[in-house]
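Notes follow once the structure below has been shown.
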Amino acid sequence: MKRIFLEKLSKTVEITGNDANHLANSLRAKKGDTIIAVDKSGNTATLELTDFDSEKIYAKCITEIKPAENVRKYITLADCLPKQNKFDTIVEKATELGVDKLEPLISDRTIARPGNFRAKTKLERWSRIAKETAEQCARDTLPEIGNIREIADWLNEIAPTLGKFENGKFNGNGALLLFCYEKETEDNLAEVLREYKICDCDRNIIILIGPEGGFSEREVREIKNCGGVSVSLGKRVLKTDTAAISALAIVQYELK
């Protein structure tokens with residue numbers, strides 16, 4: 001059944017814009033058809049399409065509005081922008097793998113550095129990709145996409161929210177920042193996550209992926225100073241987009 005995202009659910013709904021166009025022209029929806037609707041809070045309901053005009057589709061709820069579940073897991077993917085349009089694929093796959101927030105970052109070795117106009121265009125495209133993917137894979141929430149910014153500014157913002165992972169133990173307060181680092185030889189991602197599961201805390205995970213060429217030594221020091229834990233994804237050196245998808249798959253498996 002087709003799934004769409006709306007600002008807010010109510011007993012009667014007006015569907016407009018791209019959603020209305022897609023339903024009417026691409027899916028050939030007609031009066032009496034039913035769809036699943038999800039609002040920004042994750043509430044869901046089944047709608048029956050009741051009427052069409054040139055720019056809107058009218059619908060009514062035919063089931064109770066189901067409240068969003070209280071989930072104790074929040075995953076952020078912070079990814080230093082790769083070359084070309086590889087971040088498009090990262091947004092798509094991260095949405096499929098349940099990421100709640102994506103942070104596009106610029107680091108010392110980032111090659112892709114879009115100006116203001118291109119940045120706005122990219123953010124609009126990534127939001128569209130995330131929405132279309134979320135509808136396709138039957139998610140109940142849309143991932144948030146942050147603004148493109150320098151990694152140092154992002155680290156300064158999140159540092160006060162991070163917990164401490166020391167001597168293989170997590171203190172249970174704050175988010176856990178894990179950055180995938182090709183020079184890490186002791187701690188792999190799966191092992192750290194298994195230890196993290198032991199603490200009785202909300203699963204607030206931030207996965208940080210570097211650009212082509214990896215993090216600079218200065219950045220590694222800054223990430224660790226603010227509480228980041230370096231983890232390995234295995235013996236092979238992965239491409240940045242492969243690393244992001246691999247890390248998220250491991251997170252989903254370990255914290256399922």
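None of these values were measured; they are calculated from a predicted model.
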Set of side chain to side chain contact (heavy atoms under 4.5 Å, CB included) partners for Cys226, sequence neighbours left out |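 With neighbours one apart ignored, the set is Leu155, Ala159, Leu162, Leu177.
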
Find out whether Ile90 and Pro82 are in side-chain contact, i.e. whether some heavy atom of one side chain is under 4.5 Å from a heavy atom of the other.
->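 Contact flag for Ile90/Pro82 side chains = yes.
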
Heavy-atom side-chain proximity of Leu208 to Ile223 below 4.5 angstrom |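 With C-beta onward as the side chain, the pair touches.
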
Looking at Leu77, Leu248, Ile245, which hits side-chain contact (heavy atoms from CB on, under 4.5 Å) with Ile209?
->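 It is Leu77; the other options fail the test.
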
Check Ile207, Val220, Val231 against Phe179 for a side-chain contact (heavy atoms from CB on, under 4.5 Å) and give me the one that passes.
->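 Of the listed residues Ile207, Val220, Val231, the side-chain contact (heavy atoms from CB on, under 4.5 Å) partner of Phe179 is Val220.
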
Before accepting this row, confirm whether a basic side-chain N of the pair [X]/[Y] lies closer than 4.0 Å to the acidic partner's carboxylate O.
X	Y	value
Asp51	Lys31	no
Glu96	Arg139	no
Lys101	Glu103	yes

Tell me, with the steps shown, if Arg194 and Glu191 meet salt bridge (charged side-chain N to carboxylate O under 4.0 Å, His left out).
-> CA-CA 5 Å; Arg194 287 168 196 159; Glu191 290 172 348; 5.6 Å; no

With a cut-off of 6.0 Å (strictly less than), are more than 12 heavy atoms of other residues, nucleotides or ligands near [atom1] of [X]?
X	atom1	result
Glu55	CD	no
Asn18	CG	no
Lys197	NZ	yes

Kindly determine whether Lys2 and Gln136 satisfy side-chain hydrogen bond (donor to acceptor under 3.5 Å, both in side chains), including the steps that lead there.
-> CA-CA 8 Å; Lys2 172 64 179 173; Gln136 180 272 327; over 6 Å; no

If the condition is ring-ring contact (aromatic ring centres under 6.0 Å, His included), which residues does [X] pass it with, not counting sequence neighbours?
X	value
Trp126	Phe87
Tyr58	none
Phe165	none

Does the cation-pi check pass for Arg203 over Tyr74, that is, NZ or CZ under 6.0 Å from the six-membered ring centre and within 45° of its axis?
->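 Judged by the rule (NZ or CZ under 6.0 Å from the ring centre, within 45° of its axis), Arg203 is not positioned above Tyr74.
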
Please list every donor-acceptor pair under 3.5 Å in which a side-chain atom of residues 5-12 meets a protein atom from a residue at least two apart or in another chain.
from: Glu7; atom 1: OE2; to: Lys40; atom 2: NZ; distance (Å): 3.3
from: Ser10; atom 1: OG; to: Thr12; atom 2: O; distance (Å): 2.6

side-chain hydrogen bond (donor to acceptor under 3.5 Å, both in side chains) pairs, two or more places apart, involving residues 232-247 |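 Qualifying pairs, neighbours excluded: none.
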
